[in-house]
Amino acid sequence: MRLTILGGGGFRVPLVYRALLADHGEGRVTRVVLHDVDGARLAAIRRVLADQAAGVPDAPAVSATTDLDEALRGADFVFSAIRVGGLAGRAADERVALAEGVLGQETVGAGGVAYGLRTVPVAVHVARRVAELAPAAWVINFTNPAGLVTEAMSRVLGDRVVGICDSPVGLGRRVARVLGADPARAWVDYVGLNHLGWLRGLLVDGRDLLPRLLADDAALGSFEEGRLFGPDWLRSLGAVPNEYLHYYYFNRETVRAYREAVRTRGAYLRDQQAGFYAAAARPEVRALDAWRHTLAEREATYMAANRTAAGDEAGRAEEDLVPGGYEQVALALMRAVARDERSTLILNVRNRSTLSVLDADAVVEVPCLVDANGAHPMAAAPLPNHAVGLVAAVKAVEREVLAAAESGSRQAAVKAFALHPLVDSVAVGRRLLAAYRAEHPELAYLG
């Protein structure tokens, strides 16, 4: 099979290739085509992949191109991992939002809206080229904001685009570990939107083990989400939220921690990855070693500002420092479709009738049965009342982003900012849009 990776010069591409190297099953990927608009980044990542493939006799062949159409022709699967505006754009998103006293995280709050406004037009263009040049291909979307971008692409590709995220997988794995359960045997009752979901149960042999966890302060304090949210709040919810809900439930504390930090997360990654790409271009440097070192630092500092805001001084557990998750989900999804190996995965797909609070075309993040015909969302209990308002409000924001991207309407873009639960003022929404348009040439299409 031929796999095309859009954003092929991206830092996390070696995680995907590593997973491919470990896959020796029938119908495996034999050719990988990397596409990126930045030729220097492509060259650096190709060096890393070459180091990974050394000594592996059946390693998938790798080629690279900056021509989108060339990359898509003949693809069986397309991984879309583009980052419009790069990490400099992410850093600007954070800086502009924090200047207004609101959150600028890349998928949440004002930053997520800005990133979506930049990304959706490009993602839709990609979807149209896929439909034209590789109509039989399946698209697996990695690009953030994953639910929003997947919904935009689904308007062109229907159910042949599926969004993935490793956050629900990591959460389910941590909860199972604390409870002494095998994650492979546990059913995770998880529901919501991308980066806005709740683990409501963990069933093993038909028995829900979550109540036992919620009743145990020591157990709740032994993993990341328990320390982030605190035992009392988790018991109040009767669920364990996705880590990104910390931005909602402890917004003031998180904004303060971001403003007091030496650098925002986007600025840190921008500087760190610039160092990696510069090092990987030097012939005397083994690119794979430079990548591994950079990845270890990246994982260790993940959501550091949130842990500071929560007073969590324990740091990340050693098990959570091992990278990997989203590429394993993508590979499992690809295998299930290509080989008809039925699997159950938490994915971003069109809602159909899964959540009654949303319409059929809204992309949600829920457990799905995956087979040769794609990903099928499974029936879920209704959202609890505390989640209904957040899910509906954030989906309304996403719809305004889609409307703005389709029409170029500045009015819709202002609505997207102003209606977000973490932006508390229409006036702030207007100033945010003006500031982001000044920062990002990609937003010139907005009125």
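The figures here come from the full heavy-atom set of this structure, side chains too, leaving out hydrogens, waters and symmetry mates.
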Over 12 foreign heavy atoms within 6.0 Å of NE2, H386: yes
Side-chain heavy atoms of M334 within contact of V29, under 4.5 Å: yes
SB check E253 R256 (cutoff 4.0 Å): no
Residues that R12 engages under salt bridge (charged side-chain N to carboxylate O under 4.0 Å, His left out), provided they are two or more places apart: none
Side-chain donor-acceptor pair present, T294, Q273, cut-off under 3.5 Å: no
R399 and D359 ion-paired at < 4.0 Å: yes
Short side-chain to backbone donor-acceptor contact, R410 and G447, under 3.5 Å: yes
Point-to-point distance, once rounded to the nearest 0.5 Å, from CG of L358 to OG of S353: 12.0 Å
Full working for side chain to side chain donor-acceptor pair (under 3.5 Å) between N348 and T150: CA-CA 7 Å; N348 286 268; T150 301; 5.9 Å; no
N194 side, atom CG; N141 side, atom CG - distance, nearest 0.5 Å: 9.0 Å
Heavy-atom side-chain proximity of L117 to L446 below 4.5 angstrom: yes
Test ring-ring contact (aromatic ring centres under 6.0 Å, His included) applied to F11 and Y277, step by step: CA-CA 9 Å; F11 181 77; Y277 284 104; 7.1 Å; no
N242 side chain to Y190 side chain, donor-acceptor N/O pair below 3.5 angstrom: yes
E106 and R83: CA distance, side-chain angles, deciding distance, salt bridge (Lys or Arg N to Asp or Glu O under 4.0 Å) verdict: CA-CA 11 Å; E106 71 164 336; R83 179 176 285 281; 3.0 Å; yes
Close side-chain approach of C368 and V349, heavy atoms under 4.5 Å: yes
Side-chain heavy atoms of V124 within contact of R155, under 4.5 Å: no
Note, V394 side chain near Y248 side chain (heavy atom, < 4.5 Å): yes
Pair E132 + R128, salt bridge at N-O below 4.0 Å: no
Heavy-atom side-chain contact between L157 and V130 under 4.5 Å: yes
Side-chain donor or acceptor of R129 paired with backbone N/O of L72 under 3.5 Å: no
R235 vs D217, salt bridge (Lys or Arg N to Asp or Glu O under 4.0 Å): CA-CA, chis, key distance, verdict: CA-CA 10 Å; R235 278 192 284 267; D217 278 8; 2.8 Å; yes
Under 3.5 Å side-chain donor-acceptor pair for H440 and D93: yes
Heavy atoms from other residues, nucleotides or ligands near CZ of R270 exceed 12 (cutoff 6.0 Å): yes
Aromatic ring pairing Y249/F229, orientation class (parallel under 30°, perpendicular over 60°, tilted between): perpendicular
Min side-chain heavy-atom separation R350-D159 under 4.5 Å: yes
Donor + acceptor pair across side chains of H195, T107 (<3.5 Å): yes
Short side-chain donor-acceptor distance under 3.5 Å, Y258 and Y247: yes
More than 12 heavy atoms of other groups within 6.0 Å of N385 CG: no
Atom pair CD/CZ of E224 and R174 - distance to nearest 0.5 Å: 5.0 Å
Stepwise salt bridge (Lys or Arg N to Asp or Glu O under 4.0 Å) check, K395 with E151: CA-CA 11 Å; K395 181 55 68 175; E151 185 164 332; 2.7 Å; yes
Single hit among D189, L179, V240 for side-chain contact (heavy atoms from CB on, under 4.5 Å) with L210: V240
Spatial distance of atom SG (C165) from atom CG (L347) [nearest 0.5 Å]: 10.5 Å
Under 3.5 Å: donor-acceptor pair, side chain of E365, backbone of G192: no
Other residues, nucleotides, ligands: >12 heavy atoms within 6.0 Å of Q411 CD: no
Separation between OG1 of T143 and CD1 of I82, rounded to the nearest 0.5 Å: 4.5 Å
Flag, side chain of T4 to backbone of A71, donor-acceptor distance under 3.5 Å: yes
Side-chain touch L234/P241, heavy atoms, less than 4.5 angstrom: yes
From CG (L237) to CH2 (W198), nearest 0.5 Å: 8.5 Å
